[in-house]
Structures are given as structure tokens and as C-alpha cells.
Amino acid sequence: MAVTAVKSENLEHAVTLINKAATNGAQLIILPECFNSPYDTTCFPKYAESIPGPTSDILAQTANDNNVYIIGGSIPEIDNGEVYNTCPVFSPSGKLLTKHRKMHLVDINVPGKIRFREADSLSPGCDFTTFDTPYCKVGIGVCYDLRFPELAHIYGEMGCKFLVYPGAFNMTTGPSHMEPLLRARAVDNEVYVALVSGARNETASYVAWGHSTVVSPWGDVLATTEHLETIVYCDIDPDFVDKVRTHLPILSQKRTDMYSTVVKRK
Ligand SMILES: O=C(O)CCC(=O)C(=O)O
């Protein structure tokens, strides 16, 4: 999705795209990170709103109108004076099922290329976020969360078969890192993984890599795109997760007598 600096335009456009995807048969629809605001630390506090709030009300209504799950990308959320990068999730009846506040905030400095520090205006979330669908359990991260294998592993342990990351990789890290990270999380945990990005806008302060992609539990790229706005469609088969786990039972072969990944705070 192409995102502009005008929140109302972004909301209207997101609804149009969701309606189109639903008309074409999508049952679970994912928006990109920061779809109602520019991805810019100076914008987050200005665009922030509560969840539930105006943007989430529109997504709830759109989920209900189309009878689809919506993973609402992310929006800057304000709560108690703190601003979070938050992904709200809606059921086909328009219920706010859960929300994921980005747990790992971006703090990168590649000299001469990119410096971005979300903590300049955001606070990190401290919750694991999963929800059940009739198809399978789904785990949510937001972009930089993808770089931390522990989160994906814990979601796998919690029973998720599909991990979804609204994201916005950039022109420095995206070309080298995004696809390998998606494929690694998928193969490590034998799950489907999707990352949904905003379209590239060369005039934005942060230029997104784009390339929204879905990877299978076997590590294959099932659906992807270039950097311009489009809807990427993909069939997810939760039974295939079980098949891969039977063929390669690595999850039960972990040497948990020697090491483990432990949840310290829920
Ligand atoms: O991990 C990266 O390289 C970029 C991450 C990012 O920009 C984000 O979390 O939105």
C-alpha cells in the first residue's frame, strides 16, 4: 500500500484495498506497518491515537462489512502518554481481537546510509500476541521483531502455524536481509511467515524496500512483489505445517536438556 502524509487519505485507501482483496476471495487481509502515517519518528506522536479509536473503528467496520480477518498493519498508538507502534487485529465480525505493540524497537546506524531510532519517540511493547482462527493460530510481530529468532520460536511453541509481520525494511537492509530473515524464521520454526510492507516512496524521509513476501514452512517464497503498490495473494495450508514437521521433526529434536528459550515476562 502506498502511504501518504494525509491520514484520512490513507484510511480511505486502505478500505478500498481491503474491499478489493475481500472481493477477490481473501479471508485474512494484512496491511503494512504504519499505514495511516509516514514512517518517521517525528510523525509518530502527531499521528498517534488510541486503540480502540478512529482508525481501529474503521478497520473493525471494514472487517465486518467484508466478513474477513484484518491484521491492521500498524499505527502509532497513544496510551497513558506513551506512544507505541501497534498492530490491531480484527475478527470477521469486527471485534478487536488483540493488538501487538512492537517489542523490539529499531535502533540502527549504518554510517553514510541510514540512522533510525524508534526510541526517539516510541516505547516498546511487552506482550506476546497470538490469536486463533478456524484455520490456525497466528502470531504477530512488527518488522524489526522479525530479526529476533526467540520471538518466532516462542510463537511456534505457543502453537502458531502462521507468523505475520507488518513491516518496512529500507533500501540499506532490505535487499540483503529481508528475504533471508523471512525464510530463516519459516524454516527454523516450520511455519508460514508473511511480511507486508508499504510501497516505496522515493520522496519519503524513510524509503521502504517494499517486496511484501509470504514464505512456506519449507522455506520457499510462495508469493512476493516488487516495490510498487499491489495486493499479494497467497493460499496458506495449515496441514502442510504438520506434514513438514512430520518429515523433519526438528522441533521435538531440540536438545532442551542442554538449552532452551524461556519466556521471562508475559
Ligand atoms: O530491520 C530492519 O532492517 C528495518 C526494520 C524497520 O525499519 C522496522 O522495524 O520498521
Side-chain angles (χ1 to χ4, degrees), residues 1-5 10 14 30-48 55 71-77 82-88 99-129 139-153 155 163-186 188 193-213 215 224-225 227 229 232:
M1 173 181 161
V3 175
T4 72
N10 294 328
I30 309 163
L31 294 172
E33 181 178 23
C34 249
F35 78 92
N36 76 355
S37 128
Y39 185 62
D40 183 323
T41 50
T42 62
C43 291
F44 298 147
K46 290 186 211 144
Y47 286 71
T55 294
I71 298 179
S74 78
I75 66 169
E77 177 201 15
E82 303 286 329
V83 181
Y84 302 92
N85 186 344
T86 305
C87 171
K99 59 183 176 182
H100 179 74
R101 291 173 170 167
K102 191 175 195 171
M103 190 186 279
H104 304 87
L105 295 182
V106 182
D107 186 352
I108 57 178
N109 184 6
V110 185
K113 302 264 189 184
I114 186 167
R115 165 105 183 82
F116 200 84
R117 196 169 171 275
E118 285 188 311
D120 287 346
S121 58
L122 296 180
S123 300
C126 294
D127 287 302
F128 298 92
T129 310
I140 305 288
V142 175
C143 201
Y144 204 57
D145 284 335
L146 176 68
R147 288 190 178 271
F148 299 86
E150 293 84 353
L151 179 62
H153 176 62
Y155 283 158
L163 306 187
V164 173
Y165 298 86
F169 273 70
N170 54 71
M171 302 300 288
T172 302
T173 60
S176 303
H177 297 173
M178 198 182 98
E179 189 181 305
L181 284 167
L182 289 168
R183 298 180 79 168
R185 295 299 88 86
D188 280 352
V193 183
L195 185 140
V196 178
S197 172
R200 189 176 307 162
N201 172 1
E202 307 280 358
T203 65
S205 63
Y206 181 99
V207 182
W209 169 237
H211 292 255
S212 300
T213 296
V215 178
T224 190
T225 187
H227 57 280
E229 177 173 290
V232 177

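Order of appearance sets the numbers: ligands from 1, and atoms from 1 within every ligand. As the structure is a computational prediction, the values presented were derived from the model and not from experiment. Quick note: residue numbers are just sequence positions, from 1.
Under the side chain to side chain contact (heavy atoms under 4.5 Å, CB included) criterion, V207 pairs with M171, R200, E202, sequence neighbours left out.
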If you look at each N/O of ligand 1, which protein N/O atoms lie under 3.5 Å away, and at what distance?
residue: ligand 1; atom: 1 (O); partner: R147; partner atom: NE; Å: 2.6
residue: ligand 1; atom: 1 (O); partner: R147; partner atom: NH2; Å: 3.4
residue: ligand 1; atom: 3 (O); partner: R147; partner atom: NH2; Å: 2.7
residue: ligand 1; atom: 3 (O); partner: T173; partner atom: OG1; Å: 2.6
residue: ligand 1; atom: 7 (O); partner: A168; partner atom: O; Å: 3.0
residue: ligand 1; atom: 7 (O); partner: Y206; partner atom: OH; Å: 2.5
residue: ligand 1; atom: 9 (O); partner: K102; partner atom: NZ; Å: 2.7
residue: ligand 1; atom: 9 (O); partner: Y144; partner atom: N; Å: 2.9
residue: ligand 1; atom: 10 (O); partner: E33; partner atom: OE1; Å: 2.7
residue: ligand 1; atom: 10 (O); partner: E33; partner atom: OE2; Å: 3.2
residue: ligand 1; atom: 10 (O); partner: Y39; partner atom: OH; Å: 2.8
residue: ligand 1; atom: 10 (O); partner: K102; partner atom: NZ; Å: 3.2

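A side-chain contact (heavy atoms from CB on, under 4.5 Å) with W209 is found for one member of H177, H227, M178 and no other, namely M178.
The salt bridge (Lys or Arg N to Asp or Glu O under 4.0 Å) analysis of residues 105-116, with sequence neighbours excluded, yields the pairs D107-R115, D107-R117. Screening residues 172-182 for salt bridge (Lys or Arg N to Asp or Glu O under 4.0 Å), with sequence neighbours left out, gives E179-R183.
The heavy-atom pair separating P166 from G73 by the smallest distance is CG-O, 3.5 Å.
Side chains of L146 and L182 form a contact here, defined as non-hydrogen atoms less than 4.5 Å apart.
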